[in-house]
Engineer: 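Below you will find the structure I want to go over with you.
Proteins get letters first, then strands, A, B, ... in listed order; numbering begins at 1 in each.
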Amino acid sequence: MLFLPLDWNNSNISALTAFYMAHYLDELNNVQRAAVTTTEGPVLVIAGPGSGKTRVLTYRIAHLLESGVPPWQILALTFTNKAAREMKERIEHVVGPNAQQVWAGTFHAVFARILRSEASRIGFPSNFSIYDTDDTTSLLRAIIKEMNLDPQAYSAGAIRSRISLAKSNLVTPKAYRDNADMMQQDRQAKRPYIADIYEKYTARCQRSGAMDFDDLLLQLYRLFRDHADIAAKYQQKFRYIHVDEFQDTNFLQYAILRRLVKYPGSPENIFIVGDDAQSIYAFRGATIDNILDFEKDYPTLQTFKLEQNYRSTHHIVSAANEVIAFNRRQLNKTIWTDREDRHKIKLVKCVTDDEEGRRVADLILEQKHRYHLLNAEIAILYRTNAQSRKFEEHLRRLNLPYRVFGGLSFYQRKEVKDLVAYLRMAVNPNDEEALRRVINYPARGISPATVDKISAYAGERNMTMWDAMLFIDVPDRARKSLAIFRNMVESWQGRVSTDTAYRLASDILRRSGLLDALKSDTSPEGIGRLENVNAVLDAISEFTDTNNTLFEANGPDALNDAPSLAAYLQTISLLTDADEAAGERDYITLMSTHSAKGLEYRSVFVTGLEENLFPSFMALEEPNGLDEERRLFYVAITRAKELLTISYAQNRYRYGQIRSSEPSRFLEEIDTRHFELLGGIGASRPPAPQTVANPRASVSGYFSKPRMRQTAPAGPQAGSANFTASPSEAIVPGATVLHLKFGEGKVKSVEGPQGNKVATIQFKDDELPDRRIVLRFAKLQVL
DNA sequence: TAGGCTGTGGTTGCG
DNA sequence: CCACAGCCTA
């Protein structure tokens with residue numbers, strides 16, 4: 001940290017900035033620096049894993065600011081909040097508070113911000129609701145039910161992804177109906193009415209003043225397409241546009257970008273960063289064509305390839321290169337590293353998924369001691385979230401702290417969604433999903449039959465349920481209840497613009513009856529739920545405070561606009577569980593391979609490398625599914641800086657029964673010289689790694705059963721039946737001991753304080769000269 | 001109107 | 001096996 005003089009002024013600041021800039025430009029390699037300083041015209045940066053992509057992006061923006069470009073003319077789009085936050089922080093670190101005014105955010109956040117100020121032009125209120133996946137699914141379920149369609153053939157989730165795909169490809173309901181291909185597919189899948197569902201769904205969203213996640217893109221596209229003046233406004237405004245992870249953009253996102261960049265007289269200052277080898281979201285509409293075709297759309301394009309990997313050691317980079325070489329249709333590049341090797345890739349073969357869990361946990365403990373790793377430097381990755389359980393069990397057994405990503409986000413919890421639905425009602429009472437959620441929760445005498453009546457009435461007359469409530473014919477009791485509900489919501493509506501968001505929200509919590517309902521539950525879970533809704537109130541007050549400050553400092557033309565309740569609601573609907581404050585705790589990360597993209601750890605465990613799991617059986621049926629799985633595996637292994645461990649199990653519980661599985665084909669695509677094999681309990685000793693002249697030709701069969709010795713051991717496993725662990729006092733230098741996993745060994749030394757002693761043991765059948773064993777956890781028997 | 005029972009189906013998931 | 005939706009019952 002540099003000490004700032006007290007009388008600093010503008011010239012000091014720019015001198016300071018210049019100092020930082022010069023300093024930072026020196027930190028870039030030649031290609032990186034060339035990319036950063038090429039500020040005019042279209043630029044494509046192909047960035048391999050660990051090649052300093054974020055650095056290039058942030059320094060480029062800092063460089064623009066330094067050359068006098070006003071921050072509000074700079075747009076930087078990312079896919080995740082995390083990436084956006086990181087980028088902003090790093091720009092701020094280089095250029096100071098000026099960074100706040102750069103329009104850096106996720107596609108969804110930036111577009112929602114624009115839509116909020118221009119919504120009236122496309123028939124939406126500026127305080128439109130954002131439907132999350134749950135809202136969308138439940139609305140679709142309602143529509144399917146109303147249409148009397150078979151909910152089994154029309155599973156709401158499947159319909160949702162179909163509609164999402166249509167939207168991502170700019171296919172309107174009408175275009176969908178006219179699209180012979182899609183209609184034919186639907187007929188074949190025995191779901192001929194998807195187009196009708198899509199049409200109804202769109203109408204209902206519009207009526208409710210709601211947009212789903214895809215709409216944030218689609219409606220922005222429509223806004224620009226149909227309103228030349230607005231398009232021109234933003235074309236003029238954003239002189240420099242940046243896109244991170246460009247390989248994950250879909251057709252619609254690209255269409256929007258093109259509209260922002262391509263117009264008569266445009267400087268075409270678009271800077272995109274991506275890696276075709278890391279494209280793993282084709283299944284949700286991302287198209288690799290965008291990056292492959294970019295050059296055709298921008299003939300003056302300048303391309304830079306970042307090929308030096310600063311993250312991983314040689315074995316890891318080579319393994320990654322070998323695997324990805326099996327994919328066809330790639331941008332030509334060679335990723336290399338000069339990071340010296342200390343470790344081979346550990347390959348752990350297990351008999352069962354339980355053993356996999358145990359051995360990964362044990363290895364983590366061992367690595368922590370051996371290499372002084374923090375928990376935060378370790379990640380366990382898996383293909384499907386269901387695999388996390390085994391690892392959790394075994395990490396708990398060893399008292400290792402961990403955090404599982406990919407679960408419910410805070411804002412998806414029931415009690416939180418309930419409160420948020422009430423807040424949404426206050427801001428936008430036409431919001432049908434919010435209304436359905438809270439109209440009779442807590443119970444206030446409005447039966448499902450009444451709700452159905454309201455819904456039917458609204459449907460017939462194309463009005464909102466909020467309005468339809470006034471007209472329907474119901475018994476007096478229900479009528480009274482409805483009137484009370486309506487009055488309550490109306491009283492809040494008036495306060496949205498006059499009262500503070502915090503006061504209003506806490507009143508809503510009390511007046512709605514939600515607080516009492518939660519208080520009546522005194523179970524530990526119930527208390528937790530109460531704490532959660534209170535946390536929402538705290539979050540609201542924090543949101544208003546921060547945004548007030550930002551708003552006052554940066555004015556209306558900033559990504560953070562005035563801190564209204566509506567703005568808060570839109571913000572939280574764009575958060576995921578990865579965005580939650582993790583706390584200061586040092587924990588091991590458990591996440592799916594998808595979520596790991598963009599992250600790095602000193603030690604990474606890539607697990608479940610089995611056919612039909614990784615690659616997934618679902619992907620194997622898709623046309624380009626295998627290639628995408630391979631890219632996913634590529635992403636997974638390139639997360640590791642120093643230590644990479646890959647594991648697989650021969651038997652795994654899936655859908656209630658044990659199923660046996662073959663090792664993943666991806667393992668055969670890596671030259672065995674990068675591996676160090678750790679056999680299972682069943683293997684008496686790990687087979688020695690072998691180097692072969694032509695690995696591609698000869699590895700086949702390397703992983704298959706005949707080669708894997710399955711000797712019933714006289715040692716470890718047989719011993720496990722009558723194995724009794726000796727007390728740690730008995731483990732003294734010179735003693736011969738039996739370890740459940742490593743077999744027989746000799747204790748060389750014992751060190752550390754009582755209760756936390758660590759023994760160095762030389763095992764007979766071990767590829768390592770010795771191992772450090774923590775006696776507190778070890779299962780050792782003195783022989 | 002909450003809770004229990006039954007049947008079903010089951011990747012990955014940004015925002 | 002486990003989660004979840006939808007139906008039925010107290």
Side-chain angles (χ1 to χ4, degrees), chain A residues 77-84 105-113 130-138 141 144-145 151-152 155-158 160-161 164-165 167-168 211-218 244-245 247-250 253 279-286 353 381-387 389-390 405-409 411-412 414 440-448 517 520-521 570-579 591-598 608 612-622 625 628-629 631-633 635-636 652-659:
Chain A
L77 297 169
T78 65
F79 276 81
T80 63
N81 291 305
K82 190 170 186 298
T106 63
F107 277 88
H108 292 85
V110 170
F111 293 178
R113 169 73 182 85
I130 296 176
Y131 278 178
D132 67 13
T133 316
D134 288 348
D135 296 321
T136 297
T137 312
S138 88
R141 201 169 284 133
I144 290 161
K145 197 173 159 193
Q152 247 154 58
S155 90
R160 181 171 48 77
S161 48
S164 172
L165 208 62
K167 287 185 175 179
S168 315
M211 299 194 198
D212 66 19
F213 292 138
D214 297 312
D215 285 331
L216 294 177
L217 314 181
L218 186 59
D244 191 15
E245 305 276 16
Q247 75 281 355
D248 289 337
T249 52
N250 60 35
Q253 284 161 323
S279 157
I280 54 173
Y281 286 115
F283 75 90
R284 65 176 193 214
D353 50 348
L381 308 182
Y382 34 75
R383 180 66 238 275
T384 68
N385 289 118
Q387 288 165 253
R389 245 194 49 215
K390 278 289 167 214
F405 289 82
L408 275 193
S409 101
Y411 287 101
Q412 285 175 312
K414 184 189 176 301
N440 197 40
Y441 183 80
R444 54 171 67 87
I446 302 171
S447 69
S520 68
D521 182 353
Q570 292 186 355
T571 306
I572 61 167
S573 60
L574 299 177
L575 298 177
T576 69
D577 73 323
D579 301 319
M591 58 168 59
S592 72
T593 38
H594 280 91
S595 323
K597 196 166 69 157
N612 296 319
L613 180 62
F614 201 173
S616 143
F617 67 101
M618 297 288 265
L620 290 173
E621 290 167 16
E622 304 280 311
E628 176 141 321
E629 293 287 304
R631 290 192 294 268
L632 185 57
F633 182 56
V635 167
R652 181 179 294 278
Y653 265 100
R654 272 184 115 180
Y655 308 144
Q657 14 179 340
I658 297 179
R659 295 167 193 232

Engineer: Assign the ring pair A:Phe79 / A:Phe107 to parallel, tilted or perpendicular, where the plane angle (0 to 90°) is split at 30° and 60°.
Structural biologist: tilted
Engineer: Would a 4.5 Å heavy-atom cut-off, applied to side chains only, mark A:Asp132 and A:Ser573 as touching?
Structural biologist: no
Engineer: Report which part of the nucleic acid A:Arg654 touches: base, sugar-phosphate, or nothing (heavy-atom distance under 4.0 Å, all strands).
Structural biologist: nothing
Engineer: Just call it for A:Arg389: base, sugar-phosphate, or nothing, with non-hydrogen atoms closer than 4.0 Å on any strand.
Structural biologist: sugar-phosphate
Engineer: Counting only N and O atoms by type, is there a donor-acceptor contact under 3.5 Å from the side chain of A:Ser164 to the main-chain atoms of A:Arg160?
Structural biologist: no
Engineer: Taking the P atom of each, how far is C:dA5 from B:dT12, in whole Å?
Structural biologist: 16 Å
Engineer: Using side-chain contact (heavy atoms from CB on, under 4.5 Å), reason through A:Lys597 and A:Leu632 one step at a time and then give a plain yes or no.
Structural biologist: CA-CA 9 Å; A:Lys597 196 166 69 157; A:Leu632 185 57; over 6 Å; no
Engineer: Can you tell me how far P of B:dC14 sits from CG of A:Asp215, to the nearest Å?
Structural biologist: 19 Å
Engineer: Roughly, in whole Å, what's the span from CD in A:Gln657 to P in C:dC1?
Structural biologist: 10 Å
Engineer: A:Asn81 side chain N/O closer than 4.0 Å to the phosphate oxygens (OP1, OP2) of B:dC14?
Structural biologist: no
Engineer: Under 3.5 Å, which protein N or O atoms sit close to an N or O of nucleotides 1-11 of chain B? Give each pair with its distance.
Structural biologist:
none

Engineer: How long is the line joining CG of A:Asp248 and P of B:dT12, in whole Å?
Structural biologist: 18 Å
Engineer: Are any of the side-chain heavy atoms of A:Ile658 and A:Arg652 separated by less than 4.5 Å?
Structural biologist: no
Engineer: How far does CG of A:Leu165 sit from CG of A:Asp214, to the nearest 0.5 angstrom?
Structural biologist: 9.0 Å
Engineer: Of the options C:dG6, B:dG13, B:dG15, whose atoms approach the side-chain atoms of A:His594 most closely?
Structural biologist: B:dG13
Engineer: Write down the distance between NZ (A:Lys167) and C1' (B:dG15), rounded to a whole number of angstrom.
Structural biologist: 13 Å
Engineer: If I take atom NZ in residue A:Lys414 and atom P in nucleotide C:dA5, what distance separates them, rounded to the nearest angstrom?
Structural biologist: 13 Å
Engineer: Rounded to the nearest angstrom, tell me the gap between atom CG in A:Asp134 and atom P in B:dC14.
Structural biologist: 13 Å
Engineer: Output the rounded distance in Å from CD (A:Gln387) to C1' (C:dA3).
Structural biologist: 17 Å
Engineer: In this structure, how many angstroms lie between the P atom of B:dT12 and the CG atom of A:Asn612, rounded?
Structural biologist: 15 Å
Engineer: If we take the P atom in both C:dC4 and B:dG13, what is their distance in whole Å?
Structural biologist: 15 Å
Engineer: Heavy atoms only, 4.0 Å cut-off, all strands: where does A:Asp212 land among base, sugar-phosphate and nothing?
Structural biologist: nothing
Engineer: Would you tell me if any nitrogen or oxygen in the side chain of A:Thr106 comes within less than 4.0 Å of OP1 or OP2 on B:dC14?
Structural biologist: no
Engineer: Give me the ring orientation class for A:His594 and A:Phe283: parallel if the planes are under 30° apart, tilted from 30 to 60°, perpendicular past 60°.
Structural biologist: perpendicular
Engineer: Which sits closer to the 5' end of DNA chain B, A:Glu628 or A:Thr133, going by the nucleotide each is nearest to?
Structural biologist: A:Glu628
